Amino acid sequence: MYSIHTDDFNLGYTLSCGQVFRWEKNDWWTGVVNGAVIRAKQEDTELLIDSSIDREFIWKYFRLDDDMEMIYSDINKDSLMDSLIRKYRGLRLIRQDPWECLVSFICSSNNTIRNITYSIKCICERFGREIEKGYYSFPAPEVLADIHLGDLRSCKLGFRAPRILNIASMIANSEFDLYGIKYLPYREGRNELVKIAGVGNKIADCVLLFAFEKLESFPVDTHIEQIMDRFYGDNWGSAKKSKKRYETAEFARRYFGRYCGYAQEYLYIEALGLKLKYIQMNQL
DNA sequence: CTGGCA
DNA sequence: CCAGG
């Protein structure tokens, strides 16, 4: 076990903002990353880590190298973003594994966080390697390329199952260079990702932001669309949904600038929080 | 397509 | 029936 001193870092916000699906909170947060179990807990500015993974990896994984003062001053364009930065200060993007991230967001299409979390867990338990009791690695493309469609049925993936097997085979057979996308500029990377069946701009943007370090990516889902309409004006109302979301993302890139991916996460966690409040109120 | 809710 | 990171 070791501890890392952090500034402007909030572990709970970082792991609860919909970017990653394999962390669970009990007393400690527990997740499987890069084939190893990580247990993490924050005590003020100290991040406690219990894992075989070294501190360099953790530092990179949680993007502790990002200069948040600089990023905050860059995206702080108005009173809304100013209040969100104060409210969720320390929320960081995560540098995820591209393959796990791609599969996770193929699962995300027309799906809820709850169901996505279930499906990913199921994929790992069925096809991953057991690292320690109850914790499984995420199966490599070569592993998923060899399984049968019927084997994925129980993971409740529906129409997403063949998409996952298809891209697993393409990567395993070197017909698609997923890892090379890291070295492409944002738009070229997106052009490559949307060639995958089942990957549109939204899913491509998530993978580019969460795995390929393209901070100028701005994924627009239903929550982001609503909050953008509400605070920045619905200037794209008549367009069809996918077109409208594309226009919203282009606007956000111009408006928030080169770190708009960070702005997007602060908007997203606020939308999630509002939704949770609504659900809790309904349950009273 | 799946899950939650009415 | 609706929502859906």
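Note that this is a predicted model, so its numbers are computed, not measured. Letters go in sequence order (proteins before strands), and every chain restarts at 1.
Nucleotide C/dA3 holds its C1' atom 13 Å from the CD1 atom of A/Ile113, rounded to whole Å. Atom CG of A/Asp221 and atom P of C/dA3 are 14 Å apart (whole Å).
A/Ile94 and A/Gln19 get closest at one heavy-atom pair: N-OE1, 3.0 Å. Taking all atoms of both residues into account, the shortest heavy-atom contact from A/Val207 to A/Cys101 is CA-SG, 3.9 Å.
Annotation: cation-pi pair A/Lys156/A/Tyr118 present, NZ/CZ under 6.0 Å from the ring centroid and within 45° of its normal.
Counting any heavy atom pair closer than 4.0 Å across all strands shown, A/Ile224 reaches a base atom. Looking at heavy-atom distances under 4.0 Å, A/Glu225 makes no contact with the nucleic acid at all.
Side chain to side chain, A/Asp97 and A/Tyr61 fail the donor-acceptor criterion of an N or O pair below 3.5 Å.
A perpendicular orientation is assigned to the rings of A/Tyr72 and A/Tyr266, their planes being inclined by more than 60° (bins at 30° and 60°).
A/Tyr246 has its ring centre no less than 6.0 Å from the ring centre of A/Phe218. In this structure, A/Phe21 has its ring center closer than 6.0 angstrom to the ring center of A/Phe105.
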Can you name the atoms? Protein N/O to nucleotides 1-4 of chain B N/O, anything below 3.5 Å, with the distance.
residue	atom	partner	partner atom	Å
B/dG3	OP1	A/Lys156	NZ	2.9
B/dG4	OP1	A/Arg114	NE	3.0
B/dG4	OP1	A/Arg114	NH1	3.0
B/dG4	OP1	A/Arg114	NH2	2.8

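Taken residue by residue, residues 9-26 of chain A places no heavy atom nearer than 4.0 Å to DNA chain B.
Within the 4.5 Å cutoff, the side chain of A/Cys17 has heavy atoms near those of the A/Leu91 side chain.
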